[in-house]
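Single-structure report; data block below.
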Amino acid sequence: MDVNTAGESADTDVDAVVIGAGFSGLYMLHKLRKQGLDVRVYEKGDEVGGTWYWNRYPGARCDSESHIYCYSFDGDLHEEWEWSERYPEQPEILEYLQWVADRLDLRRNIAFEREVTSATYDESSDTWSVEMADGERVSTRYFITAVGCLSKPFRPDFDGRDEFEGDWHHTARWPEDGVDFSDKHVGVIGTGSTGIQFISAVGGRADHLTVFQRTPNYAVPARNRPLEDDRYEEIRANYDDIWERARDSRLGMPFEHEHETAYGLSEDDIREVLEERWQQGGFRFLHTFEPGSILSNAELNETVSEFIREKIREKVDDPETAETLVPTDHPYGAKRPPMDYNDYYGTFNRDDVSLVDVDAAPIERVTAGGIRTTDDHYDLDVLVYATGFDAMTGALLALDVEGPNGRTLEQKWNAGPRTYLGLMTHGFPNLFTITGPQSPSVLTNMPMAIEQHVEWIADCIGYMDDHGYDRIEASEASENQWVQNTNMLAENMLFSEAKSWYRGANVPGKTQVFTPFPGGLDNYREICARVARDDYDGFELGRPSSSAGDAVSEADD
Ligand code: N01
């Protein structure tokens, strides 16, 4: 008989299996364990950290301000931990999560270096059977994914990709020992949030850095700085209020906006408030107006976009390079807005950094010695893919989930993900997806969205225990309505005007559908709370003996 890491027999049931030991998985473990459940976390890496374990590329830093990019559920944690800068760098976030894991004694329920290869629902016992790459198998009542929204790296399948004889790296799988760029010709493909951070950090460290850009982006200055003691004291003194405002906000950030909308303001007034916010930096700029208004009012958005374009032109010496860096194909915010930590645009004024427009002259192939575009060949020693992720669904589908009647999640989501509240998907009982598709997730400060999901799931399981249920599933009707609702909200915003990973447009062949819930974390929280208050309205609950066919709703109780 196989024996798992805790020394139990492989067919031992646990109450809940959680996949992933990042922000979500750690809190889910803590919450359910406190409720008395036997929980096992499986983690592919050899440490906790999730996103912050894998993304170790130079310049990796979080765009949310550090004092809100952490757990809010335990006052002792933010009383004891102290962030060093306004925006936390990857090593510091990783250290924080390691500290939390130790502080809450979480490691004893985590099995590291375990990759899930399949999860299959057994209808006769109403349990999930989860299988690992090494053959280990565990059965569980609740199967909870905490795999993150941006965790399956995407590397374009260029002709000749494997012929490259230099070193290549994807930013999301960066070597722990780092990469030596000195005296090297380095090429980087991609100018999303990651590429922008990487380029500003590596420009000047290599003999030459060549940036292959397909679509320019709107990078807003982050204005990072050390967090002084007095600022920290102020944060600590006001934490309760900070968290409350963050939870009640659209983006999970406690920033006030200057104006609800730009209605009634002159162009000059608008530019004046934008300039103030530009000086404050970071997501506060997106908060100049109620963020929903920038993302739905095309005229206001054009004013904001043009404001940023002018800033870019001011920073880049060579007018031709400046125009290549100026985005005109999509409105600001229709793609995830990136931040500029280290004079990104000024980096292109350096003699040892050059920009190649691969929209104008596309990459034809990767060669043994570099990259060939339709215009030229670029000699490279190191090639970096900052090409993003198969976002939102990639990591979930990689789990190879099979529900009752042999239907797979991949089959069900063939035309795009379908969920109720982003928490569950019809036809897959007892499978909870933390920050799943059609929940606010990536449109918010992630820890806020994560905490809300974890707490909702834990409460739901507590409710089931209290009422003698052991099976829950989203109803088809409520799911259909939720998907329709999410799509409708997105259609009324400007998101469709960009080819973004929000819509799966970055991965060739992927169904294009807007995936996160764009109605705001505040509204979403209220909806989820009402659903729970109404005895899990829209979900079907079943008792131990019930099978898929005779699930009963709480109304029958
Ligand atoms: O990925 P991306 P990312 N040929 O998909 C280009 C989060 N994040 O890793 O725009 C040439 O945004 C692609 O070009 P185009 C954040 O949510 C957070 O940068 O598709 N180029 C694009 O420039 C972010 O949004 C932090 O035309 C190709 C780039 O690769 C998300 O992660 C920090 C190509 C991919 O950009 C993903 O960001 C960093 C091809 N065939 C990231 N294929 C925080 O601060 C792709 N590209 C929390």
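Note that the structure is a prediction, hence the values are computed from the model and not measured. Just so you know, ligand 1 is whichever comes first in the structure, and atom 1 is the first atom listed for that ligand. Hydrogens, waters and symmetry mates are skipped; everything else that's a heavy atom, side chains included, is used.
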Item to check | Residues that Asp390 engages under side chain to side chain contact (heavy atoms under 4.5 Å, CB included), provided they are two or more places apart | outcome: Lys152, Thr393, Val507, Lys510

Item to check | Heavy-atom closest contact (Ile242 atom, Ile68 atom, distance) | outcome: CG2-CG2, 3.8 Å

Checklist entry - Trp174 vs Phe198 aromatic rings, parallel, tilted or perpendicular, using cut-offs 30° and 60°? => result perpendicular

Checklist entry - Quick one: salt bridge (charged side-chain N to carboxylate O under 4.0 Å, His left out) pairs with a partner in residues 354-370, sequence neighbours left out? => result Glu163-Arg365

Item to check | Smallest separation among heavy atoms of Phe181 and Pro58, with atom names | outcome: CE1-CG, 4.0 Å

Please list every donor-acceptor pair under 3.5 Å in which a side-chain atom of residues 88-102 meets a protein atom from a residue at least two apart or in another chain.
unit_1	atom_1	unit_2	atom_2	d
Gln90	NE2	Trp52	O	2.9
Glu92	OE1	Ser84	OG	3.0
Glu92	OE2	Ser84	N	3.0
Glu92	OE2	Ser84	OG	3.1
Tyr96	OH	Tyr71	N	3.0
Gln98	NE2	Glu47	OE2	3.3
Asp102	OD1	Arg107	NE	2.7

Checklist entry - What residues come within 4.0 Å of ligand 1, counting heavy atoms only? => result Tyr57, Arg61, Cys62, Asp63, Leu150, Phe154, Pro156, Phe158, Ile189, Gly190, Thr191, Gly192, Ser193, Thr194, Gln197, Arg214, Thr215, Lys335, Arg336, Ala386, Thr387, Gly388, Phe389, Trp501

